[in-house]
Amino acid sequence: MGEPHFEPLEPLPEEWQRGLAVVAHPDDLEFGAAAAVARWTEQGKEIVYCLVTRGEAGIDGMRPERTREIREREQRESAALVGVDTVEFLGLPDGLLEYGVALRRDIAAVVRRHRPDIVITNNFRDTWDGAYALNQADHIATGRAVLDAVRDAGNRWIFPEQLVDGVEPWNRVRQVWAAASPESRRGVDVTATFDRGVASLRAHDAYLRGLGDGSFDMEEFLEGISRPAGTRLGVRHGAAFEVFPFDLF
């Protein structure tokens, strides 16, 4: 993989109404995308969060059964701060996600139920910087599965057992957006909602305290992501996304 792209970002389209965010862990959306979600919910868009795991392996000094409860609660509180009321958890094992048919099936079912125009996920490239900062296996598996599950959701002959009780195939997802990808070429101005993004990350208090010595500065970290993206957009704070179009087919 080559170096990340630094050319100007083109604005993302905002003529859509329903969004579905599918990521591996509680806190994944808050490390960069939550301020964009806040912008979109302020516009009246409806966004649902789906967490593939409950993040139970995320705090070294806490047993998974306790961590699971805390991280689910913190994610719901975090989502509410950016205007998201519906938060679902698939409950798959944290740290052990595998790309494959089973994961595609679970995500396709969520797409079919919520019928989004846009699907949001996290960076699933091998690295965060296009070079050395390695990505995590759960992120890679989830993002790859999201792309295939969006296509699966529109085919009635794939996972047909899901098509009961009024559930139908859904082939109207326009695009999948991967936040913070080193291949990002599109972006959105989050200057007005940056503080809400910081607050949503701060809501993951137990998780952040479990990361180390307590010196992690959430606002500084998020500024380190949003300022470069903002520069590429010509604004103060931005959020960058890699776009995978489905409306071409």
Side-chain angles (χ1 to χ4, degrees), residues 21-39 41 47 49-97 120-124 127-129 132-143 178-182 190-191 193-230 237-241:
V22 183
V23 294
H25 314 109
D27 80 73
D28 281 353
L29 288 161
E30 286 67 49
F31 278 98
V37 172
R39 171 187 170 97
T41 59
I47 298 181
Y49 280 7
C50 174
L51 290 304
V52 176
T53 79
R54 289 185 167 86
E56 67 273 10
I59 302 177
D60 182 67
M62 186 180 295
R63 298 290 300 175
E65 53 271 20
R66 177 60 176 151
T67 301
R68 183 182 298 116
E69 297 173 2
I70 291 173
R71 299 203 70 196
E72 180 173 341
R73 173 177 52 78
E74 288 185 340
Q75 181 61 76
R76 294 187 188 282
E77 293 170 354
S78 174
L81 291 171
V82 293
V84 174
D85 298 323
T86 302
V87 181
E88 299 182 355
F89 295 85
L90 297 183
L92 300 183
D94 184 14
L96 300 175
L97 297 181
I120 301 158
T121 191
N122 252 14
N123 171 38
F124 55 92
T127 71
W128 290 100
D129 61 354
Y132 306 111
L134 293 177
N135 203 347
Q136 199 255 13
D138 280 359
H139 302 154
I140 295 170
T142 298
S181 167
V190 297
T191 304
T193 53
F194 175 76
D195 289 344
R196 292 180 66 189
V198 174
S200 73
L201 179 56
R202 189 171 284 124
H204 293 275
D205 178 64
Y207 172 70
L208 294 170
R209 283 189 287 108
L211 286 179
D213 61 5
S215 63
F216 178 69
D217 187 318
M218 288 163 279
E219 186 166 356
E220 181 180 8
F221 178 88
L222 292 179
E223 281 200 1
I225 298 171
S226 67
R227 291 290 189 130
H237 294 288
F241 294 83

Handout entry: Donor-acceptor side-chain pairing of S200 and E30 below 3.5 angstrom
Key =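 S200 vs E30: no donor-acceptor pair found between side chains.
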Problem - Modelled atom types, side-chain donor and acceptor of H139 and N123, under 3.5 Å - result: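 Not at all, the side chains of H139 and N123 share no donor-acceptor pair under 3.5 Å.
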Practice task
Quick one: do I120 and F241 satisfy side-chain contact (heavy atoms from CB on, under 4.5 Å)? Show the steps, please.
Solution key: CA-CA 9 Å; I120 301 158; F241 294 83; 4.2 Å; yes
Which atoms form the tightest heavy-atom contact between [X] and [Y], and what is the distance?
{"X": "A239", "Y": "A36", "answer": "CB-CB, 4.2 Å"}
{"X": "L201", "Y": "L208", "answer": "O-CD1, 3.3 Å"}
{"X": "H25", "Y": "Q136", "answer": "CE1-OE1, 3.5 Å"}
{"X": "A33", "Y": "A179", "answer": "CB-CB, 3.9 Å"}
{"X": "A24", "Y": "L97", "answer": "CB-CD1, 4.0 Å"}
{"X": "I225", "Y": "F31", "answer": "CD1-O, 4.1 Å"}

Flag side-chain contact, heavy atom, 4.5 Å: [X] against [Y]:
{"X": "V22", "Y": "C50", "value": "yes"}
{"X": "M62", "Y": "I70", "value": "yes"}
{"X": "P26", "Y": "H204", "value": "yes"}
{"X": "Y49", "Y": "V82", "value": "yes"}
{"X": "R71", "Y": "Y207", "value": "yes"}
{"X": "N135", "Y": "T127", "value": "no"}

Rounded to the nearest 0.5 Å, what separation is found between the [atom1] atom of [X] and the [atom2] atom of [Y]?
{"X": "T142", "Y": "N122", "atom1": "OG1", "atom2": "CG", "answer": "9.0 Å"}
{"X": "W128", "Y": "S181", "atom1": "CH2", "atom2": "OG", "answer": "9.0 Å"}
{"X": "L81", "Y": "D195", "atom1": "CG", "atom2": "CG", "answer": "12.0 Å"}

Handout entry: Candidate list V87, L92, L90, test side-chain contact (heavy atoms from CB on, under 4.5 Å), partner L51, passing option
Key =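 Testing L51 for a side-chain contact (heavy atoms from CB on, under 4.5 Å) against V87, L92, L90 leaves exactly one candidate, V87.
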Practice task
Before giving the answer on side-chain contact (heavy atoms from CB on, under 4.5 Å), spell out for R196 and R39 the whole-Å C-alpha distance, their side-chain angles and the decisive distance to 0.1 Å.
Solution key: CA-CA 9 Å; R196 292 180 66 189; R39 171 187 170 97; over 6 Å; no
Exercise for the section: Keeping the roles fixed (side chain from E56, backbone from P93), state whether a donor-acceptor pair exists under 3.5 Å. Expected result: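 No, E56 side chain to P93 backbone: no donor-acceptor pair under 3.5 Å.
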Problem - Side chain T121, main chain V23, donor-acceptor under 3.5 Å - result: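 No, because the side chain of T121 does not come within donor-acceptor range (under 3.5 Å) of the backbone of V23.
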Any carboxylate oxygen within less than 4.0 angstrom of a Lys/Arg side-chain nitrogen, looking at [X] and [Y]?
{"X": "R63", "Y": "E65", "answer": "yes"}
{"X": "R68", "Y": "E72", "answer": "no"}
{"X": "R73", "Y": "E69", "answer": "no"}

Practice task
For side-chain contact (heavy atoms from CB on, under 4.5 Å), just list the numbers for R209 and I59, CA-CA rounded to whole Å, side-chain angles, deciding distance to a tenth of an Å, and then say yes or no.
Solution key: CA-CA 9 Å; R209 283 189 287 108; I59 302 177; over 6 Å; no
Handout entry: Non-neighbouring partners of D85 that pass salt bridge (charged side-chain N to carboxylate O under 4.0 Å, His left out), sequence neighbours left out
Key =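 Applying salt bridge (charged side-chain N to carboxylate O under 4.0 Å, His left out) to D85 gives none.
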Exercise for the section: Assign the ring pair H237 / F194 to parallel, tilted or perpendicular, where the plane angle (0 to 90°) is split at 30° and 60°. Expected result: parallel
Problem - Under the side-chain hydrogen bond (donor to acceptor under 3.5 Å, both in side chains) test, residues paired with T53 that sit two or more places apart - result: none
